[in-house]
Number of protein chains: 2
Amino acid sequence: MDEKSILARIKAGGLKITRQREVIITVLIENKGNHLNLEQILEKSHIYHDNISAATIYRNITFLEQNGIIKKFTGHDKKSYYEIEARGEAHKHHDHLFCVKCGEIIEFYNQQIEKLQQKIARETGFKILDHKLEIYGECRKCSSGE
Amino acid sequence: MDEKSILARIKAGGLKITRQREVIITVLIENKGNHLNLEQILEKSHIYHDNISAATIYRNITFLEQNGIIKKFTGHDKKSYYEIEARGEAHKHHDHLFCVKCGEIIEFYNQQIEKLQQKIARETGFKILDHKLEIYGECRKCSSGE
DNA sequence: CTAACTGCAAACAGTTTGCAGAACT
DNA sequence: AGTTCTGCAAACTGTTTGCAGTTAG
(Lines give C-alpha, C1' and ligand atoms only; values in the text may rest on other atoms or scores of the structure.)
Protein backbone atom coordinates (compact mmCIF):
# COMPACT_ATOMS: atom_id res chain seq x y z
CA MET A 1 0.00 0.00 0.00
CA ASP A 2 1.58 3.29 -1.11
CA GLU A 3 1.17 6.80 0.20
CA LYS A 4 -1.10 7.83 -2.63
CA SER A 5 -3.70 5.18 -1.99
CA ILE A 6 -3.62 5.77 1.73
CA LEU A 7 -4.32 9.45 1.18
CA ALA A 8 -7.11 8.46 -1.21
CA ARG A 9 -8.57 6.26 1.49
CA ILE A 10 -8.47 9.15 3.91
CA LYS A 11 -10.28 11.43 1.49
CA ALA A 12 -12.83 8.72 0.83
CA GLY A 13 -13.55 8.73 4.55
CA GLY A 14 -14.51 12.40 4.29
CA LEU A 15 -11.36 13.46 6.05
CA LYS A 16 -8.84 16.11 5.15
CA ILE A 17 -5.27 15.80 4.04
CA THR A 18 -3.17 17.72 6.50
CA ARG A 19 0.55 18.26 6.60
CA GLN A 20 0.72 16.19 9.78
CA ARG A 21 -1.14 13.28 8.28
CA GLU A 22 1.15 13.25 5.27
CA VAL A 23 4.21 13.29 7.48
CA ILE A 24 2.98 10.46 9.69
CA ILE A 25 2.21 8.30 6.68
CA THR A 26 5.56 9.09 5.09
CA VAL A 27 7.33 8.08 8.27
CA LEU A 28 5.40 4.84 8.55
CA ILE A 29 6.11 3.94 4.94
CA GLU A 30 9.80 4.77 5.26
CA ASN A 31 9.91 2.37 8.15
CA LYS A 32 7.94 -0.40 6.57
CA GLY A 33 9.06 -3.63 8.19
CA ASN A 34 10.04 -1.81 11.36
CA HIS A 35 7.87 -1.38 14.40
CA LEU A 36 7.68 2.07 15.82
CA ASN A 37 6.34 3.33 19.08
CA LEU A 38 5.06 6.82 19.74
CA GLU A 39 8.41 8.34 20.62
CA GLN A 40 9.99 7.01 17.49
CA ILE A 41 7.24 8.25 15.24
CA LEU A 42 7.35 11.61 16.95
CA GLU A 43 11.08 11.89 16.55
CA LYS A 44 11.10 10.88 12.90
CA SER A 45 8.17 13.14 12.14
CA HIS A 46 10.06 16.15 13.40
CA ILE A 47 12.48 15.72 10.51
CA TYR A 48 9.65 16.79 8.21
CA HIS A 49 7.61 19.05 10.39
CA ASP A 50 8.65 20.97 13.47
CA ASN A 51 5.67 20.55 15.62
CA ILE A 52 3.59 17.43 15.65
CA SER A 53 2.04 16.52 18.95
CA ALA A 54 1.62 13.13 20.51
CA ALA A 55 -2.14 13.65 20.53
CA THR A 56 -2.21 14.10 16.78
CA ILE A 57 -0.19 10.97 16.21
CA TYR A 58 -2.42 8.93 18.46
CA ARG A 59 -5.53 10.27 16.79
CA ASN A 60 -4.26 9.53 13.31
CA ILE A 61 -2.95 6.17 14.20
CA THR A 62 -6.31 5.21 15.61
CA PHE A 63 -7.89 5.99 12.27
CA LEU A 64 -5.20 4.14 10.33
CA GLU A 65 -5.57 1.13 12.54
CA GLN A 66 -9.34 1.04 12.29
CA ASN A 67 -9.01 1.07 8.54
CA GLY A 68 -6.53 -1.77 8.49
CA ILE A 69 -3.72 0.36 7.17
CA ILE A 70 -1.48 -0.19 10.12
CA LYS A 71 -1.25 -2.89 12.74
CA LYS A 72 -0.69 -2.24 16.39
CA PHE A 73 0.74 -4.47 19.04
CA THR A 74 1.74 -4.09 22.63
CA GLY A 75 5.33 -4.79 23.54
CA HIS A 76 6.64 -6.26 26.75
CA ASP A 77 7.37 -2.70 27.81
CA LYS A 78 3.65 -1.86 27.70
CA LYS A 79 4.17 0.56 24.85
CA SER A 80 2.22 0.24 21.65
CA TYR A 81 4.13 -0.42 18.47
CA TYR A 82 2.83 0.30 15.00
CA GLU A 83 3.66 -1.14 11.66
CA ILE A 84 2.28 -0.46 8.23
CA GLU A 85 0.55 -3.34 6.51
CA ALA A 86 2.46 -4.40 3.43
CA ARG A 87 -0.44 -6.43 2.11
CA GLY A 88 -1.97 -6.19 -1.29
CA GLU A 89 -5.26 -7.97 -1.66
CA ALA A 90 -4.04 -11.26 -0.22
CA HIS A 91 -3.59 -10.22 3.36
CA LYS A 92 -0.41 -11.98 4.29
CA HIS A 93 -0.36 -12.16 8.01
CA HIS A 94 3.02 -12.41 9.62
CA ASP A 95 4.34 -12.93 13.09
CA HIS A 96 7.35 -11.77 15.03
CA LEU A 97 10.52 -12.93 16.72
CA PHE A 98 11.78 -10.49 19.34
CA CYS A 99 15.38 -10.47 20.42
CA VAL A 100 15.36 -9.76 24.13
CA LYS A 101 18.98 -8.61 24.05
CA CYS A 102 19.31 -6.20 21.15
CA GLY A 103 15.63 -5.49 20.58
CA GLU A 104 15.65 -6.58 16.97
CA ILE A 105 12.32 -7.71 15.58
CA ILE A 106 12.27 -10.30 12.84
CA GLU A 107 9.16 -11.14 10.87
CA PHE A 108 8.20 -14.56 9.71
CA TYR A 109 5.31 -16.29 8.12
CA ASN A 110 4.44 -19.93 8.36
CA GLN A 111 1.52 -21.34 6.47
CA GLN A 112 1.32 -24.46 8.60
CA ILE A 113 0.99 -22.54 11.82
CA GLU A 114 -1.80 -20.49 10.30
CA LYS A 115 -3.57 -23.68 9.27
CA LEU A 116 -3.15 -25.29 12.67
CA GLN A 117 -4.78 -22.29 14.23
CA GLN A 118 -7.79 -22.73 11.99
CA LYS A 119 -7.93 -26.34 13.07
CA ILE A 120 -7.85 -25.39 16.74
CA ALA A 121 -10.56 -22.83 16.14
CA ARG A 122 -12.76 -25.42 14.48
CA GLU A 123 -12.30 -27.81 17.36
CA THR A 124 -13.16 -25.16 19.91
CA GLY A 125 -16.03 -23.64 17.97
CA PHE A 126 -14.13 -20.41 17.83
CA LYS A 127 -14.39 -17.89 15.00
CA ILE A 128 -10.94 -16.35 14.53
CA LEU A 129 -10.78 -12.64 13.89
CA ASP A 130 -7.12 -12.06 14.45
CA HIS A 131 -4.13 -13.55 16.10
CA LYS A 132 -0.67 -12.75 17.25
CA LEU A 133 2.29 -15.04 17.71
CA GLU A 134 5.28 -13.55 19.45
CA ILE A 135 8.46 -15.47 20.07
CA TYR A 136 11.01 -14.10 22.49
CA GLY A 137 14.64 -15.15 22.47
CA GLU A 138 18.10 -14.26 21.34
CA CYS A 139 18.92 -13.55 17.73
CA ARG A 140 21.85 -15.14 15.95
CA LYS A 141 24.16 -12.19 16.61
CA CYS A 142 23.40 -11.95 20.31
CA SER A 143 23.46 -15.66 21.09
CA SER A 144 26.82 -16.18 19.38
CA GLY A 145 29.53 -13.56 19.72
CA GLU A 146 27.45 -10.75 21.29
CA MET B 1 2.36 -26.55 42.30
CA ASP B 2 0.44 -26.49 45.58
CA GLU B 3 0.10 -23.83 48.23
CA LYS B 4 2.47 -25.56 50.59
CA SER B 5 5.40 -25.64 48.22
CA ILE B 6 4.80 -22.08 47.14
CA LEU B 7 4.94 -20.95 50.74
CA ALA B 8 8.10 -23.00 51.18
CA ARG B 9 9.60 -21.24 48.21
CA ILE B 10 8.76 -17.90 49.76
CA LYS B 11 10.43 -18.82 53.02
CA ALA B 12 13.44 -20.08 51.12
CA GLY B 13 13.72 -16.62 49.64
CA GLY B 14 14.10 -15.19 53.14
CA LEU B 15 10.63 -13.72 53.02
CA LYS B 16 7.83 -13.86 55.52
CA ILE B 17 4.52 -15.63 55.37
CA THR B 18 1.85 -13.01 55.81
CA ARG B 19 -1.89 -13.32 55.82
CA GLN B 20 -2.06 -11.34 52.59
CA ARG B 21 0.41 -13.56 50.82
CA GLU B 22 -1.49 -16.65 51.84
CA VAL B 23 -4.75 -15.18 50.61
CA ILE B 24 -3.31 -14.15 47.26
CA ILE B 25 -1.88 -17.60 46.68
CA THR B 26 -5.12 -19.25 47.73
CA VAL B 27 -7.04 -17.11 45.28
CA LEU B 28 -4.64 -17.86 42.45
CA ILE B 29 -4.81 -21.58 43.12
CA GLU B 30 -8.60 -21.57 43.37
CA ASN B 31 -8.64 -19.98 39.95
CA LYS B 32 -6.08 -22.19 38.34
CA GLY B 33 -6.82 -22.23 34.64
CA ASN B 34 -8.41 -18.80 34.80
CA HIS B 35 -6.70 -15.54 34.13
CA LEU B 36 -7.22 -12.84 36.63
CA ASN B 37 -6.47 -9.17 36.50
CA LEU B 38 -5.85 -6.94 39.48
CA GLU B 39 -9.48 -6.08 40.13
CA GLN B 40 -10.48 -9.72 40.11
CA ILE B 41 -7.72 -10.77 42.47
CA LEU B 42 -8.57 -7.88 44.75
CA GLU B 43 -12.24 -8.76 44.78
CA LYS B 44 -11.70 -12.45 45.42
CA SER B 45 -9.10 -11.72 48.09
CA HIS B 46 -11.59 -9.67 50.05
CA ILE B 47 -13.59 -12.84 50.65
CA TYR B 48 -10.76 -14.01 52.89
CA HIS B 49 -9.36 -10.80 54.22
CA ASP B 50 -11.01 -7.42 54.50
CA ASN B 51 -8.28 -5.15 53.51
CA ILE B 52 -5.74 -6.07 50.91
CA SER B 53 -4.43 -3.21 48.85
CA ALA B 54 -3.61 -3.12 45.18
CA ALA B 55 -0.02 -2.25 46.02
CA THR B 56 0.39 -5.42 48.03
CA ILE B 57 -1.01 -7.54 45.27
CA TYR B 58 1.28 -6.00 42.71
CA ARG B 59 4.29 -6.42 44.95
CA ASN B 60 3.56 -10.05 45.64
CA ILE B 61 2.72 -10.84 42.09
CA THR B 62 6.03 -9.43 40.98
CA PHE B 63 7.79 -11.84 43.28
CA LEU B 64 5.68 -14.78 42.16
CA GLU B 65 6.30 -13.95 38.54
CA GLN B 66 10.05 -13.61 38.97
CA ASN B 67 10.09 -17.01 40.56
CA GLY B 68 8.14 -18.62 37.76
CA ILE B 69 5.17 -19.40 39.97
CA ILE B 70 2.75 -17.34 37.95
CA LYS B 71 2.71 -16.15 34.40
CA LYS B 72 1.65 -12.70 33.35
CA PHE B 73 0.33 -11.46 30.06
CA THR B 74 -1.11 -8.25 28.76
CA GLY B 75 -4.62 -8.31 27.37
CA HIS B 76 -5.99 -6.19 24.56
CA ASP B 77 -7.45 -3.98 27.25
CA LYS B 78 -3.93 -3.12 28.45
CA LYS B 79 -4.55 -4.78 31.76
CA SER B 80 -2.21 -7.44 33.04
CA TYR B 81 -3.62 -10.89 33.61
CA TYR B 82 -2.09 -13.48 35.88
CA GLU B 83 -2.31 -17.22 35.93
CA ILE B 84 -0.69 -19.76 38.15
CA GLU B 85 1.63 -22.21 36.46
CA ALA B 86 0.20 -25.69 36.61
CA ARG B 87 3.44 -27.31 35.57
CA GLY B 88 5.20 -30.05 37.31
CA GLU B 89 8.60 -30.78 35.98
CA ALA B 90 7.53 -31.02 32.33
CA HIS B 91 6.61 -27.43 31.74
CA LYS B 92 3.63 -27.71 29.46
CA HIS B 93 3.33 -24.43 27.71
CA HIS B 94 -0.12 -23.45 26.56
CA ASP B 95 -1.62 -20.67 24.53
CA HIS B 96 -4.87 -18.76 24.57
CA LEU B 97 -8.01 -18.01 22.63
CA PHE B 98 -9.66 -14.73 23.65
CA CYS B 99 -13.33 -14.11 22.97
CA VAL B 100 -13.58 -10.44 22.05
CA LYS B 101 -17.28 -10.38 22.91
CA CYS B 102 -17.67 -12.03 26.29
CA GLY B 103 -14.05 -11.93 27.38
CA GLU B 104 -13.76 -15.64 27.92
CA ILE B 105 -10.26 -17.04 27.71
CA ILE B 106 -9.75 -20.61 26.53
CA GLU B 107 -6.47 -22.43 26.79
CA PHE B 108 -5.10 -24.79 24.24
CA TYR B 109 -1.94 -26.66 23.54
CA ASN B 110 -0.76 -27.87 20.19
CA GLN B 111 2.40 -29.85 19.90
CA GLN B 112 2.77 -29.24 16.19
CA ILE B 113 2.71 -25.48 16.59
CA GLU B 114 5.38 -25.73 19.26
CA LYS B 115 7.51 -27.81 16.92
CA LEU B 116 7.04 -25.45 14.00
CA GLN B 117 8.26 -22.64 16.17
CA GLN B 118 11.42 -24.55 16.90
CA LYS B 119 11.86 -25.06 13.20
CA ILE B 120 11.46 -21.35 12.50
CA ALA B 121 13.93 -20.57 15.24
CA ARG B 122 16.47 -22.93 13.73
CA GLU B 123 16.06 -21.35 10.31
CA THR B 124 16.49 -17.88 11.71
CA GLY B 125 19.33 -18.71 14.08
CA PHE B 126 17.13 -17.67 16.95
CA LYS B 127 17.32 -19.15 20.43
CA ILE B 128 13.79 -19.28 21.80
CA LEU B 129 13.32 -18.32 25.43
CA ASP B 130 9.58 -17.94 25.52
CA HIS B 131 6.65 -17.36 23.28
CA LYS B 132 3.06 -16.32 23.27
CA LEU B 133 0.32 -17.16 20.84
CA GLU B 134 -2.91 -15.28 21.24
CA ILE B 135 -5.91 -15.83 19.05
CA TYR B 136 -8.74 -13.33 19.11
CA GLY B 137 -12.23 -14.13 17.94
CA GLU B 138 -15.70 -15.11 18.98
CA CYS B 139 -16.36 -18.13 21.11
CA ARG B 140 -19.02 -20.68 20.26
CA LYS B 141 -21.64 -19.09 22.47
CA CYS B 142 -21.12 -15.56 21.17
CA SER B 143 -20.88 -16.40 17.49
CA SER B 144 -24.06 -18.46 17.54
CA GLY B 145 -27.00 -17.33 19.61
CA GLU B 146 -25.39 -14.48 21.57
C1' DC C 1 -17.36 29.82 5.12
C1' DT C 2 -17.44 25.78 7.97
C1' DA C 3 -16.38 21.31 9.25
C1' DA C 4 -12.51 18.83 10.36
C1' DC C 5 -8.00 19.17 12.49
C1' DT C 6 -4.29 20.54 15.65
C1' DG C 7 -1.54 21.68 19.98
C1' DC C 8 -1.87 22.23 24.56
C1' DA C 9 -2.82 20.96 29.01
C1' DA C 10 -5.57 18.49 31.88
C1' DA C 11 -7.65 13.99 32.64
C1' DC C 12 -7.31 8.97 32.78
C1' DA C 13 -6.11 4.07 33.84
C1' DG C 14 -2.95 0.87 35.27
C1' DT C 15 1.06 0.34 37.85
C1' DT C 16 4.90 1.68 41.02
C1' DT C 17 7.00 3.83 45.03
C1' DG C 18 8.09 6.43 49.62
C1' DC C 19 6.86 6.42 54.06
C1' DA C 20 5.18 5.52 58.75
C1' DG C 21 3.13 2.15 61.22
C1' DA C 22 2.01 -3.08 61.67
C1' DA C 23 3.24 -7.91 61.67
C1' DC C 24 6.13 -11.99 61.12
C1' DT C 25 9.97 -14.69 63.15
C1' DA D 1 13.97 -6.57 68.76
C1' DG D 2 14.79 -6.35 64.17
C1' DT D 3 13.57 -6.82 59.64
C1' DT D 4 10.19 -7.42 56.33
C1' DC D 5 5.62 -6.22 55.01
C1' DT D 6 1.45 -3.47 54.48
C1' DG D 7 -1.89 0.42 53.42
C1' DC D 8 -2.18 4.81 51.99
C1' DA D 9 -1.51 8.44 49.06
C1' DA D 10 1.29 10.49 45.87
C1' DA D 11 4.02 9.77 41.72
C1' DC D 12 4.69 7.82 37.11
C1' DT D 13 3.86 6.27 32.32
C1' DG D 14 1.40 5.66 28.23
C1' DT D 15 -2.77 7.15 26.23
C1' DT D 16 -7.10 9.90 25.64
C1' DT D 17 -9.97 14.01 25.68
C1' DG D 18 -11.93 18.99 25.97
C1' DC D 19 -11.18 23.23 24.22
C1' DA D 20 -10.03 27.31 21.62
C1' DG D 21 -7.73 28.52 17.78
C1' DT D 22 -6.08 26.90 12.83
C1' DT D 23 -6.51 24.96 8.30
C1' DA D 24 -8.16 22.25 4.29
C1' DG D 25 -11.73 22.12 0.85
Next item on the list: Would you mind telling me which of C/dT15, C/dT25, D/dG14 lies closest to the side-chain atoms of B/Lys16?
Entry: C/dT25
Item checked: Minimum-distance nucleotide (side-chain atoms of B/Arg19 versus C/dT15, C/dC24, C/dC8) -> C/dC24
Checklist line | Between D/dC5 (P) and B/Ile52 (CD1): distance, integer Å | finding: 15 Å
Note to self: What is the distance, to the nearest angstrom, from the OH atom on B/Tyr58 to the P atom on D/dA11?
What the structure shows: 19 Å
Margin query: Less than 6.0 angstrom separating the ring centers of A/His96 and A/Phe108, yes or no?
Written below: no
Item checked: B/Lys11 vs B/Ala54, nearer the 5' end of DNA chain C by closest nucleotide -> B/Ala54
Notebook entry, point to check: Are a donor atom and an acceptor atom from the side chains of B/Ser80 and A/Lys78 found within less than 3.5 Å of each other?
Noted result: yes
Check: Just to confirm, is there a sub-4.0 Å distance from OP1 or OP2 of C/dG14 to any side-chain nitrogen or oxygen of A/Lys78?
Finding: no
Next item on the list: Using distance alone, with no hydrogens and no angle criterion, decide if B/Glu107 and B/Tyr109 have a side-chain donor and acceptor under 3.5 Å apart.
Entry: no
Note to self: Just to be sure I understand the rule, does A/Asn37 reach a base, reach only the sugar-phosphate, or reach nothing, if contact means heavy atoms closer than 4.0 Å?
What the structure shows: nothing
Notebook entry, point to check: When you check the phosphate oxygens OP1 and OP2 of C/dG14, does a side-chain N or O of B/Ser80 lie under 4.0 Å from one of them?
Noted result: no
Notebook entry, point to check: Could you give the CD1-to-P distance, from B/Ile61 to D/dC5, as a whole number of Å?
Noted result: 16 Å
Item checked: Closest listed nucleotide, where the reference is the side chain of A/Ala55 and the choices are C/dT17, D/dT17, C/dG14 -> D/dT17
Item checked: Partner of A/Gln117 under side-chain hydrogen bond (donor to acceptor under 3.5 Å, both in side chains), chosen from A/Arg122, A/His131, A/Gln112 -> A/His131
Checklist line | Whole angstrom value for the distance that separates C1' of C/dT17 from CZ of B/Phe63 | finding: 19 Å
Next item on the list: Give a yes/no answer on whether the side chain of B/Asn60 brings an N or O atom under 4.0 Å of OP1 or OP2 in D/dC5.
Entry: no
Notebook entry, point to check: Out of D/dT6, C/dT6, C/dT15, which has the shortest distance to the side chain of A/Arg59?
Noted result: C/dT6
Notebook entry, point to check: What's the CG-P distance between A/Leu42 and D/dG14, to the nearest Å?
Noted result: 12 Å
Check: How many Å lie between NZ on B/Lys79 and P on C/dG14, as a whole number?
Finding: 5 Å
Next item on the list: Side chain of A/Ser53 only, please: which of C/dG7, D/dA24, D/dG7 is the nearest?
Entry: C/dG7
Note to self: With a 4.5 Å cut-off on side-chain heavy atoms, are A/Ile61 and A/Lys72 touching?
What the structure shows: no
Next item on the list: Could you tell me whether the phosphate oxygens of D/dG7, OP1 or OP2, come under 4.0 Å of any side-chain nitrogen or oxygen in B/Gln20?
Entry: yes
Note to self: Measure CG/A/Leu36 against C1'/D/dT15 and give the value in whole Å, please.
What the structure shows: 17 Å
Notebook entry, point to check: When the distance from CD1 of B/Ile17 to P of C/dA23 is rounded to whole Å, what number comes out?
Noted result: 17 Å
Next item on the list: Between B/Thr18 and A/Leu15, name the one whose nearest nucleotide on DNA chain C is closer to the 5' end.
Entry: A/Leu15
